[in-house]
Amino acid sequence: MGAPLINQAMKHFKSQVLLILSEVPFGSCISYGELAKQAGFPGYGRQVGQLMKKLPKDTKLPWHRVVNAQRRISFAENTDGYLRQKEKLEKEGWVIVGNKLTLNEGK
DNA sequence: GCTCCGGCTGCTC
DNA sequence: TGAGCAGCCGGAG
């Protein structure tokens, strides 16, 4: 692990990701990579995923609006996280077919 | 200190 | 349109 990111930068990375995530509007979604890029750390998509994983269940952050670049839920279909994310997304107007997201408007 | 495993990405075929 | 592959980065064992 070379340390491209010192502890302080990592902390900044996390707060930036959480900040941007908190600003994702209702009914919208963003990819892990895009979130990382906007946070100022392109290529850290996986780290964003790790961060999501560690979020508390009662978090106020719209973590469910984060999907991968293919607009698919990265969870396995039989996982709790997948079900919860799917449920939240559907309440925001998204339609999940398989694990693929489709916006239920204008269509 | 090395190796392997992820909620990924972008390019190619 | 969809599957395959290599690249990336931090964390855990």
Side-chain angles (χ1 to χ4, degrees):
Chain A
M1 332 162 209
L5 251 57
I6 53 178
N7 205 312
Q8 193 173 6
M10 197 58 203
K11 185 177 180 181
H12 182 240
F13 168 69
K14 292 179 180 177
S15 35
Q16 281 301 298
V17 169
L18 298 181
L19 176 64
I20 295 171
L21 178 58
S22 68
E23 295 177 345
V24 177
F26 182 95
S28 182
C29 74
I30 186 172
S31 72
Y32 294 93
E34 187 63 23
L35 191 55
K37 188 192 294 181
Q38 287 188 29
F41 298 84
Y44 282 65
R46 283 189 142 158
Q47 265 47 54
V48 174
Q50 289 295 316
L51 203 52
M52 298 299 106
K53 193 191 224 174
K54 294 172 185 173
L55 287 177
K57 294 168 188 167
D58 62 340
T59 180
K60 303 295 185 300
L61 296 173
W63 61 270
H64 55 279
R65 292 178 192 149
V66 184
V67 294
N68 67 22
Q70 322 304 320
R71 275 199 169 176
R72 297 191 195 197
I73 295 177
S74 296
F75 285 117
E77 294 189 27
N78 57 357
T79 61
D80 181 61
Y82 169 83
L83 296 175
R84 281 190 291 136
Q85 182 168 16
K86 179 181 177 181
E87 183 180 15
K88 289 175 179 293
L89 287 172
E90 290 180 330
K91 287 181 180 178
E92 296 193 4
W94 291 94
V95 176
I96 292 82
V97 181
N99 62 352
K100 200 185 304 179
L101 266 71
T102 305
L103 192 53
N104 187 25
E105 74 174 5
K107 202 151 197 204

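Just so it is clear, the model here is predicted, and its values are computed rather than measured. Reminder, nothing fancy here: chain letters follow the sequence lines and each chain counts from 1. Atoms considered below: every heavy atom in the structure, side chains included; atoms not considered: hydrogens, waters and symmetry mates.
Spacing between atom CZ of A/R72 and atom P of C/dG2 amounts to 7 Å, rounded to whole angstrom units. Distance A/E34 CD to B/dG10 P: 8 Å, rounded to the nearest Å. Distance A/N68 CG to B/dG6 C1': 13 Å, rounded to the nearest Å. In this structure, the CD atom of A/Q47 is 9 Å from the C1' atom of C/dC8, given to the nearest Å. Atom CZ in A/F41 sits roughly 12 Å away from atom C1' in C/dC9 (whole-Å rounding). The distance from atom CG of A/L101 to atom P of B/dG7 is 18 Å, rounded to the nearest whole Å. Atom CD in A/Q70 sits roughly 13 Å away from atom P in C/dT1 (whole-Å rounding). For the pair A/K54 NZ and C/dA12 C1', the computed distance is 10 Å after rounding to whole Å.
Using modelled atom types, one finds no donor on one side chain facing an acceptor on the other under 3.5 Å when comparing A/H64 with A/E87.
Judged by closest nucleotide on DNA chain B, A/W63 is the one of A/K37 and A/W63 placed further toward the 5' end. Nucleotides of DNA chain C nearest to A/Q50 and A/R46 differ in position, and the one nearer the 5' end is that of A/R46.
Within 4.0 Å of A/V48, counting heavy atoms only, lies no atom of the nucleic acid at all.
Which of C/dC9, B/dT9, B/dG7 sits closest to the side chain of A/M52 comes down to B/dG7. Checked against C/dG10, C/dG2, B/dT9, the side chain of A/K100 finds its nearest nucleotide in C/dG2. Out of B/dC8, B/dG10, C/dG10, the shortest distance to the side chain of A/A69 is found at B/dG10.
Under the Watson-Crick and G-U wobble criteria, each requiring two contacts below 3.5 Å, nucleotide B/dC2 is paired to C/dG13. Across all strands shown, B/dG7 remains unpaired; no Watson-Crick or G-U wobble contact has both distances below 3.5 Å.
Minimum interatomic distance between A/G27 and A/R65 (heavy atoms only, all atoms of both residues): N-NE, 4.3 Å. Across A/V66 and A/S31, no two heavy atoms sit closer than the pair CG1-C, 4.3 Å.
More than 12 non-hydrogen atoms from other residues, nucleotides or ligands lie less than 6.0 angstrom from CZ of A/R84.
Ring geometry for A/F13 against A/F41 counts as perpendicular: the plane angle is over 60°, on a 0 to 90° scale with 30° as the lower cut.
Contact between the side-chain N/O atoms of A/Y44 and the OP1/OP2 oxygens of C/dC8 is not found at any separation under 4.0 Å. Residue A/S31 has a polar side-chain atom (N or O) positioned under 4.0 Å from OP1 or OP2 of B/dT9.
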